[in-house]
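Only one structure is covered here, and it is reproduced in the block below.
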Amino acid sequence: KSFKNKQEISISCNLPNVNIVYTTNGSEPTKTSQLYFKPFNIDSSCTIKTKVYFENDSSKTTVARFYKMPHNWKLTLNCKYNPQYSAGGPEGIIDGINGDVNWRKGEWQGYQSQDFEAIIDLGKEQTVSIVSGNYLQDTRAWIVLPTEIEYFVSKDGKKYTSVGKISNPVPASDYTPQIKKFEYHLPKTQNARYVKFKAKNFGKLPDWHLGAGGDAFIFIDEIEVK
């Protein structure tokens with residue numbers, strides 16, 4: 001549901017001899033809306049609504065939302081997410097779509113038994129002043145906020161300099177499902193092309209947890225550079 005430049009959209013119906021209509025501006029489709037004949041391209045974020053008309057009957061409206069990524073960053077993951085929690089693929093954490101507290105929707109990337117480490121290539125050297133990342137805690141589901149986040153910058157992608165750390169203030173024993181944004185404002189802006197994110201995994205679940213001894217997950221969605 002996210003794309004960089006353009007995205008091809010196809011609409012199908014199992015019934016023969018029907019009229020498929022659609023809109024791309026979020027409005028409700030009617031009999032006079034655009035008829036669908038063949039796949040078409042979109043080049044900006046939009047909400048597509050479609051409906052099928054057959055004689056005097058019609059289907060319910062089907063809705064799909066597509067988001068154009070706000071940048072052309074490249075992402076390198078120095079860790080491996082659990083295939084069950086992919087957020088749609090490697091770039092799911094830089095696609096501009098923020099996951100909500102209901103992680104079962106599939107909008108979060110999940111990492112178990114390891115720290116999180118990723119590098120964003122901004123494409124060219126830029127001024128960096130703020131770095132951030134959204135993390136999730138749902139302790140009952142073995143998802144615990146990282147204990148510490150550290151940020152690094154580099155001009156060449158080889159030599160990295162740490163620009164700051166944030167310690168997590170939320171105890172793992174807080175069972176309230178919640179999202180925590182770890183945002184760091186650099187004391188001094190830096191010129192950099194590459195930004196590295198490191199998040200330390202909580203590790204083994206403690207004795208008071210039903211899954212004591214099991215390995216905690218880090219859940220992350222959207223790392224950002226400003």
Side-chain angles (χ1 to χ4, degrees), residues 1-12 24 39-48 50 62-124 126 128 131-138 141-146 149-154 157 160 177 179-183 192-202 215-226:
K1 60 183 178 181
S2 64
F3 61 96
K4 283 190 174 181
N5 298 310
K6 63 181 180 178
Q7 176 89 339
E8 184 177 87
I9 304 297
S10 297
I11 308 172
S12 63
T24 59
F40 59 93
N41 290 320
I42 58 173
D43 58 9
S44 60
S45 299
C46 67
T47 297
I48 297 176
T50 183
T62 299
V63 181
R65 295 178 176 85
F66 297 91
Y67 302 87
K68 185 172 184 178
M69 294 177 66
H71 42 62
N72 287 310
W73 297 346
K74 293 181 180 179
L75 179 74
T76 300
L77 292 173
N78 295 328
C79 47
K80 189 174 182 179
Y81 55 75
N82 186 306
Q84 289 182 295
Y85 312 113
S86 68
E91 293 187 331
I93 57 174
I94 58 168
D95 61 8
I97 306 170
N98 289 292
D100 61 34
V101 74
N102 183 3
W103 53 268
R104 294 170 181 84
K105 293 180 180 179
E107 297 170 335
W108 293 83
Q109 275 185 8
Y111 298 84
Q112 189 178 28
S113 311
Q114 59 187 304
D115 296 336
F116 170 79
E117 183 176 316
I119 297 171
I120 290 178
D121 177 357
L122 301 173
K124 61 181 180 180
Q126 300 182 38
V128 176
V131 284
S132 66
N134 293 334
Y135 297 84
L136 177 75
Q137 179 154 301
D138 188 349
W142 296 30
I143 304 166
V144 184
L145 290 170
I149 317 292
E150 188 168 8
Y151 304 101
F152 303 80
V153 295
S154 172
Y160 284 86
I179 296 169
K180 175 71 174 175
K181 183 171 187 174
F182 290 91
E183 183 174 88
R193 174 172 173 173
Y194 303 88
V195 181
K196 182 187 292 186
F197 299 73
K198 283 188 176 182
K200 188 171 180 59
N201 193 294
F202 180 83
D215 294 316
F217 278 89
I218 288 177
F219 265 41
I220 181 170
D221 186 41
E222 290 310 292
I223 52 177
E224 298 177 287
V225 180
K226 297 178 182 178

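In this chain, residues are counted from 1 in sequence order.
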Mind checking whether [X] and [Y] have side chains closer than 4.5 Å, heavy atoms only?
X      : Y      : answer
Asp221 : Leu136 : no
Val131 : Val195 : yes
Gln109 : Leu77  : yes

[atom1]-[atom2] distance between [X] and [Y], expressed to the nearest 0.5 angstrom:
X      : Y      : atom1 : atom2 : answer
Tyr111 : Phe116 : OH    : CZ    : 5.0 Å
Gln112 : Trp142 : CD    : CH2   : 7.0 Å
Leu145 : Lys200 : CG    : NZ    : 15.0 Å
Leu75  : Ile120 : CG    : CD1   : 6.5 Å
Thr76  : Glu117 : OG1   : CD    : 10.5 Å
Tyr81  : Ile93  : OH    : CD1   : 9.5 Å

List the steps and the verdict of ring pair (Phe, Tyr, Trp, His ring centres under 6.0 Å) for Tyr135 and Phe182.
CA-CA 8 Å; Tyr135 297 84; Phe182 290 91; 5.6 Å; yes
Candidate pair Ile42 and Phe66, rule side-chain contact (heavy atoms from CB on, under 4.5 Å), full reasoning
CA-CA 9 Å; Ile42 58 173; Phe66 297 91; 3.7 Å; yes
Short side-chain to backbone donor-acceptor contact, [X] and [Y], under 3.5 Å:
X      : Y      : value
Asn82  : Gly110 : no
Gln126 : Ala192 : no
Gln7   : Asn41  : no

Flag the pair [X] and [Y] as a salt bridge only when some basic side-chain nitrogen lies within less than 4.0 angstrom of an acidic carboxylate oxygen.
X      : Y      : answer
Lys181 : Glu183 : yes
Lys4   : Glu91  : yes
Lys198 : Asp115 : no

Taking atom NZ as the centre, does Lys68 end up with more than 12 heavy-atom neighbours from other residues, nucleotides or ligands that are less than 6.0 angstrom away?
yes
Report the C-alpha distance between Phe40 and Ile48 in whole Å, list the side-chain angles of each, state the deciding distance to 0.1 Å, and finish with yes or no for side-chain contact (heavy atoms from CB on, under 4.5 Å).
CA-CA 12 Å; Phe40 59 93; Ile48 297 176; 4.2 Å; yes
For [X] against [Y], the heavy-atom pair lying closest together:
X      : Y      : result
Thr47  : Arg65  : OG1-CG, 3.6 Å
Ile149 : Ala199 : CD1-CB, 3.6 Å
Ala141 : Trp103 : CB-CZ2, 3.6 Å
Asp215 : Ser113 : OD2-OG, 2.9 Å
Ile179 : Gly99  : CD1-O, 3.6 Å
Glu107 : Ala87  : O-CB, 3.6 Å

Determine whether the aromatic ring centres of residues Tyr151 and Phe197 are separated by less than 6.0 angstrom.
yes
Mind checking whether Tyr85 and Phe217 have ring centres under 6.0 Å apart?
yes
Can you see whether Tyr160 has Lys196 sitting over its ring - NZ or CZ less than 6.0 Å from the centre and within 45° of the normal?
yes
Between Ile223 and Ile94, is the side-chain contact (heavy atoms from CB on, under 4.5 Å) condition met? List the steps.
CA-CA 6 Å; Ile223 52 177; Ile94 58 168; 3.7 Å; yes
What do the steps show when you test Asp100 against Lys105 for side-chain contact (heavy atoms from CB on, under 4.5 Å), and what is the final call?
CA-CA 8 Å; Asp100 61 34; Lys105 293 180 180 179; 2.6 Å; yes
Criterion side-chain hydrogen bond (donor to acceptor under 3.5 Å, both in side chains) on Asn98 and Asn134, from CA distance to verdict
CA-CA 8 Å; Asn98 289 292; Asn134 293 334; 3.1 Å; yes
Under a plain distance cut-off of 3.5 Å, with no hydrogens placed, do Trp73 and Asp121 share a side-chain donor-acceptor pair?
no
